[in-house]
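Here is how names work: the chains are called A, B, and so on, in the same order as the sequence lines, proteins then strands, and each is numbered from 1.
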Amino acid sequence: MINIYSILGPLAFFILPLLIGRGAYLLSKRKTASQPGVSYFITGSLIIYSIALVLRYPVMSVFKNTAFSPLFFTLIYAAGIISLILNILSLRKLNLKGYKKYITPVIVSLVLSLIAYKLWITGSMYPLNWDLYEHQTLSNLIQKGTFSYVTSEISDTFVFNGYSSIFHVLLAVSQFNFVKTPKEILNFWIYISFIHLFLTVLASYLFAWVISENETVSLLSAVFGAFIFESTVAYTSLVFIPQTFAAVIFIFLMTRMVIELKKGKTVSPGQLLADILFLILVHYIVGIVAALIYLGVQIYLRFIRPLTKGKTESLFLILAVFAFYLVLAIISKINLGYLNNGEAAFYTFSLTQKISYMQNSYGYSLLIFLPLGFLAAVRSRELSPKMVLVITMLLLIFVIANLPYVLKFYVLARFFVHLLMALGIYYLLKRIKNGFLESIGLIMIISMTLVIYLTNISYWKNILAYRNQFNHVSDYDVAAGEFLKARFGNTDALIVSDPATQYILEGLTGVNSQGGAYADENTRKMLDSLNPAGNTLPVQQALYGITDRLTNKSGPRLFVISGRYFLWQKAAQRDKYAFPFNIWAPYDLTINDYRYIQTLNNLPNVGQIYANPGMVIYEVKNKLG
Amino acid sequence: MKNFIAGLIICAVISALGLISVYGVTLTPDLPTRSVGYYRITPFSSGLALHEGLEREYYTLSPFNDYVIAGGIRSALITKEQIQSGAYTSDIRSSKWLDIAKTAGEYFDLTNPSVSFSSVNSVYYKALVNGNNLVINRSLELSNGISPEILGTTLTYLSGDLVFDSKGNLYTYQSQNMIDFFRSLYGINLTFENPDLRQIVSDKVLYIIDPDLIGVVSITAGENQTIWVNRNDSLVEIEEPVKPNNENKYYSRLNLSILDNPKKAPGII
């Protein structure tokens, strides 16, 4: 049976900031731009985050005994209720006729999203977003009252601060009090991932619509938005994380900007600042690049183009295309190895690897239809397609560069690439004067995309095979999580296991671990010393040799022995100390695993407190405790 | 009319470009595969394999091991010499278009993994999955010179595996430590008595457990089938007598199940 809050929570993530933002606009009596939804959302989100920051820094600095959680969530609920009342009262003034033109895009996007998502979750009853566990960990901690602007100050699962905690505050607000158990958490992420997919597809449709003013192009762009899944690093459509969230917001902003510019209007400086601030807060790197594009286009169109009277556009176009091909030609000849050391080396891909990843997501369709899109954009008399082409080229230059993490920029580039592919296909389709044949052509392209999508997700999910499902977690993981949450959810116990197991359990239960999947070198060394093949340290000594970077409390150690744990222990040394290496799929216990478990059962101060076919949990007391 | 023909050409071009696009996709190495309990059944270049993951151990049904006894002489369906000289063909991964179609079918559990081999003898394996139960149907076409008396279907097992029947007779050597531990874990007594390298299994059901894998492979012999354990070659051999026929075509059926653990084995003592 579905818990209703698992559905309401994901909706609240988007609707509550929307309501609060609109409420703020109503109170300030400010006029909004066309397509105000994104403005309301950004404003509301910034208000929510500002309340958190004000409470945490000035207020709690002065009133040191203030508990963050009850005060913050009370204020947010109060703001939400007031906003709801304001919105209801203003319903009469709402011009619904202006929203009629969005009915088709919404319906088309919904249908495409439902198909794409149904295919994605076929054979996978749990969400397939690996990162959700770290974001859930932060949400859990914020709900408990541990809040900071800096993510690594909230949990040691975060070793690199790639974004502020705004995403997690919004998560915490939408989950507070209603999403608690592991099952409810997983259901929440299933539904919020669907909403994210829907918004991604809708953004693709609307952006294509305002650029091309053509329904076929918009439909094609939405089809690509739904059925192209960048299954390495980017993950735009199917994985709801800060970078993909920032990308979708960015495209809605670009859409709104184009609508306003076509009406001869501009976004107010205040809203512009809020938009840029929000993008950067959600994800520093992706947000900054998005903000630069957003700002750059506005500056060009408002200040530079009127001066040059459009005469420099062809020059920009040629320069962008030239720069792209130049980078493509010389990239393999430049050695940037000095930048790609440590963990960065795992996220640096050669051009050959990137082409291979592109094939996973697109087959050969990108290589065939993108150049056609270039041609269509160059030959277009309109400015917008040319702008899209320049932005695409600039983003792709980043993507193909021999630098670490650059594939992340594809979360932005994909919307422009898909629009160009759609333009390229339409360049051919519009030459068919027969309606029936044109429909056949369109159906062929949609079918092609569907087949590519199926083979892509099949390939991606293959390593997650567990019994007749493809999941990161099993029913046994979830059941163990339910036990841990109930018994240790509000204690200072510390889960110790292989990085993947402790990462998952910490996210689902709120029980702490050292670093989750990003356990530090000391933790890995202690775990390594407990190798079942021959441990070099006594169990108690190893477990109590692990300490959380952020908290000095030393609660009981919960030693979780899962099937994953044993596989991790059998891995090569090099892999055990590498962040990118994890046991991604669930694994249950074998006979030889149980032989080791039997030895643990005989140890003093090591008490078995839970067992299922997937894992056994021990509570290990400190000798002195 | 001109417009229609022009439109048709463009439509054909778009369709061709779409097909070329699809051809560039990346496919999984194990294709098509079906899950059977903890395991997966997948065709490979040597036959059908039961495995837990791509990098884990495999239990294989293969024409390189399957055999026929004719005139008292046992010979593999595809011999070592034929393997070494490459004198056989298989349909594994013969067409990317077919593999793409299989991927789509596999995703919705619509495909039945199968593989065929052709040499002097031809053999075709097809796996039918129903939950945790697996039926391997084998079609065999022998060369004209062979008058078979017995057909043998084989399943490899791994050194270290526990191979036992429902009465607790153990057919592979295990340490007393492991036997004691197995009893403490599952309440099943195993006894290893017969040191012969090749033994007939008096029971109709045989179980195989790898202590490093999850799940139990269970083989149930058909009415006229006899199970042997061949410790020399690490093979479970299921033999059935046949009468030669004019077409020299024969059909065998092997019933397997993948159990979660030995306690779930029906009738086990």
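Separation of atoms CZ (A:Arg467) and CD1 (B:Ile214) is listed at 8.5 Å; rounding is to 0.5 Å. The CD1 atom of B:Ile20 lies 12.0 Å from the OG atom of A:Ser365; values are rounded to the nearest 0.5 Å. For the atom pair CG (B:Asp212) and CG (A:Asp593), the distance works out to 7.5 Å, reported to the nearest 0.5 Å. Of the inter-residue distances, the one linking A:Asn462 atom CG with B:Thr28 atom OG1 reads 5.0 Å to the nearest 0.5 angstrom. Atom-to-atom distance recorded for B:Tyr38:OH and A:Asp588:CG is 3.5 Å, nearest 0.5 angstrom. Of the inter-residue distances, the one linking A:Tyr466 atom OH with B:Arg40 atom CZ reads 13.0 Å to the nearest 0.5 angstrom.
Per-residue heavy-atom pair counts under 4.5 Å with chain B were compared for A:Leu437, A:Leu119, A:Ile425, and the maximum is reached by A:Leu437. When each of B:Leu19, B:Val13, B:Val25, B:Asp210 is scored by its heavy-atom pairs under 4.5 Å with chain A, the top score falls to B:Val25. In terms of heavy-atom pairs under 4.5 angstrom with chain B, the leader among A:Thr455, A:Asn434, A:Ile457, A:Ile463 is A:Thr455. Per-residue counts of heavy-atom pairs under 4.5 Å with chain B were compared for A:Tyr587, A:Phe369, A:Tyr594; the largest is that of A:Tyr587. The greatest number of non-hydrogen atom pairs below 4.5 Å with chain A, out of B:Gly131, B:Gly37, B:Ser184, B:Pro211, is found for B:Pro211.
Atom CG of B:Asn130 has 12 or fewer neighbouring heavy atoms from other residues, nucleotides or ligands inside a 6.0 Å radius. Within a 6.0 Å radius of OH in A:Tyr459, no more than 12 heavy atoms belonging to other residues, nucleotides or ligands are found. More than 12 heavy-atom neighbours from other residues, nucleotides or ligands sit within 6.0 angstrom of CZ on B:Arg183.
Only the side chain of A:Ile368 comes within less than 4.5 Å of a heavy atom in chain B; its backbone stays farther off. Contacts between B:Leu185 and chain A at a heavy-atom distance below 4.5 Å involve the side chain alone, from C-beta outward. For a residue to count as touching a neighbouring chain, one of its non-hydrogen atoms must lie under 4.5 Å from one of that chain's; by this rule B:Ile209 touches chain A with the side chain only. Proximity to chain B (any heavy atom under 4.5 Å) is shown, for A:Ser361, by neither the backbone nor the side chain. Proximity to chain A is limited to the side chain of B:Asp260, based on heavy atoms less than 4.5 angstrom apart. No part of A:Phe436 comes within reach of chain B, as not one of its non-hydrogen atoms sits under 4.5 angstrom from that chain. Proximity to chain A (any heavy atom under 4.5 Å) is restricted, for B:Phe181, to the side chain, taken from C-beta onward. A:Leu567 touches chain B through its side chain: at least one heavy atom from C-beta onward sits under 4.5 Å away, while N, CA, C and O do not.
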Name the atoms and distances for all side-chain donor-acceptor pairs under 3.5 Å in residues 438-451 of chain A, with sequence neighbours left out.
residue	atom	partner	partner atom	Å
A:Ser439	OG	A:Gly435	O	3.0
A:Ser447	OG	A:Ile443	O	2.7
A:Thr449	OG1	A:Ile445	O	2.7

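B:Tyr107 places no side-chain N or O within 3.5 Å of a backbone atom of A:Gly123 that could act as its donor or acceptor partner. When atom types are taken as modelled, the side chain of B:Ser21 and the backbone of A:Gly363 share no donor-acceptor pair closer than 3.5 angstrom.
The stretch residues 97-105 of chain B places B:Ile100, B:Thr103, B:Ala104 near chain A, each with some heavy atom under 4.5 Å from a heavy atom of that chain. Identified by a heavy-atom distance below 4.5 Å to chain B, contributing residues of residues 224-232 of chain A are lacking entirely.
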So A:Asn468 and B:Arg34, side-chain contact (heavy atoms from CB on, under 4.5 Å) or not? Walk me through it. CA-CA 8 Å; A:Asn468 62 346; B:Arg34 287 285 298 270; over 6 Å; no
Go through the steps for B:Ile14 and A:Leu429 under the test side-chain contact (heavy atoms from CB on, under 4.5 Å), then give the verdict. CA-CA 8 Å; B:Ile14 291 174; A:Leu429 276 176; 3.6 Å; yes
For side-chain contact (heavy atoms from CB on, under 4.5 Å), just list the numbers for B:Phe108 and A:Leu454, CA-CA rounded to whole Å, side-chain angles, deciding distance to a tenth of an Å, and then say yes or no. CA-CA 10 Å; B:Phe108 300 104; A:Leu454 257 180; 4.0 Å; yes
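Counted by atom type alone, A:Asn360 and B:Thr26 present one or more donor-acceptor pairs between their side chains at under 3.5 Å.
Residue pairs satisfying the salt bridge (Lys or Arg N to Asp or Glu O under 4.0 Å) criterion with at least one member in residues 443-458 of chain A, sequence neighbours excluded, are absent.
Looking only at side-chain heavy atoms (C-beta outward), A:Ile432 and B:Leu8 stay at 4.5 Å or farther from each other. B:Tyr186 places a side-chain heavy atom less than 4.5 Å from the side chain of A:Ile591.
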